[in-house]
Amino acid sequence: GDSVTQTEGQVTVSESKSLIINCTYSTTSIAYPNLFWYVRYPGEGLQLLLKVITAGQKGSSRGFEATYNKETTSFHLQKASVQESDSAVYYCALGSTGGNNKLTFGQGTVLSVIP
Amino acid sequence: GGIITQTPKFLIGQEGQKLTLKCQQNFNHDTMYWYRQDSGKGLRLIYYSITENDLQKGDLSEGYDASREKKSSFSLTVTSAQKNEMAVFLCASSMRGAEQFFGPGTRLTVL
């Protein structure tokens, strides 16, 4: 089956510093999966941050970037300079390519940005 | 734009009780999903439905039933609530192959 691993359960970063949240995936599918980052801001519902459906491509949104690396099966989330408003829970997810778009989620990383 | 509504927001039940959670979407999306999230863990797929009256089991379907009688609604039943069970149930919907949109969740507590 599919699985997604986020190694950090909690990350604390000072404002204006850089950020990386690690995500690696495993799949038994022959086809390359779609990869997503979802985010839940305090008091809000889960929403899509960015997605990449082609291996080797980079997705970006709100200053965050993630590159789909099929060699290392990774999809790390990065930001050059975080803001306090980025404090949230971030989930990496793998989407099946069979049309039903089933998602397999990592366990989530809680990001706290210190002013 | 559209919205996904989940009712109730909080659900408290007794051990062994059958409990039903409801989800409505007005996106006119074909596919709907139910996920369970336990504290500190990722979301796990319980059931999904690609069209009205269709049901597909996810990784966590045991102990649950689902129903998709209309395109816009998808309900989930906990067939026998387990004591001390606590989790958040999230409903989502999508067009075929597109991104999923999530509802606000139902928080379940079993006494």
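Here is the naming used below: chain letters follow the sequence lines, and residue numbers restart at 1 for every chain. Worth knowing before you read on, the calculation uses all heavy atoms, side chains too, and leaves out hydrogens, waters and symmetry mates.
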Answer with yes or no whether the hydrophobic clustering places [X] together with [Y]; edges join I, L, V, M, F, W, Y residues whose side-chain heavy atoms lie under 4.5 Å apart.
{"X": "A:L48", "Y": "B:Y48", "answer": "yes"}
{"X": "B:Y47", "Y": "B:F89", "answer": "yes"}
{"X": "B:M32", "Y": "B:M95", "answer": "no"}
{"X": "B:F27", "Y": "B:I50", "answer": "no"}
{"X": "B:Y35", "Y": "B:L19", "answer": "no"}

query = Between CZ of B:F102 and CD of A:E44, what distance do you get to the nearest 0.5 Å?
reply =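 Here the rounded value is 15.0 Å.
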inquiry  = Restricting to side chain to side chain contact (heavy atoms under 4.5 Å, CB included), what partner residues turn up for A:V52, sequence neighbours left out?
reply    =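 Only A:Q57, A:Y68, A:F75 meet the side chain to side chain contact (heavy atoms under 4.5 Å, CB included) criterion with A:V52.
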query = Partners of B:T77 by side chain to side chain contact (heavy atoms under 4.5 Å, CB included), sequence neighbours excluded?
reply = B:K18, B:T20, B:D65
request  = Indicate the atoms forming the closest heavy-atom contact of A:Y91 with B:L43, along with that distance.
outcome  =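 Of all heavy-atom pairs spanning A:Y91 and B:L43, the closest is CE2-CD1, 4.3 Å.
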ask   = Residue by residue, which of residues 104-115 of chain A have a heavy atom closer than 4.5 Å to a heavy atom belonging to chain B?
value =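 Residues of residues 104-115 of chain A touching chain B at under 4.5 Å: A:F105, A:G106, A:Q107.
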Could you tell me which portion of [X] (side chain, backbone, both or neither) has an atom closer than 4.5 angstrom to a non-hydrogen atom of chain A?
{"X": "B:Q56", "answer": "neither"}
{"X": "B:L90", "answer": "side chain"}
{"X": "B:F101", "answer": "neither"}

note = So disulfide bond (SG atoms under 2.5 Å apart) across residues 50-111 of chain B, not counting sequence neighbours, yields B:C23-B:C91
query = Side chains of B:Y33 and A:L103: closer than 4.5 Å at any heavy-atom pair?
reply =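 In short, these two side chains do not touch, never coming nearer than 4.5 Å.
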message = So for atom OH, which belongs to A:Y32, do other residues, nucleotides or ligands contribute more than 12 heavy atoms lying within a distance under 6.0 Å?
response =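 No.
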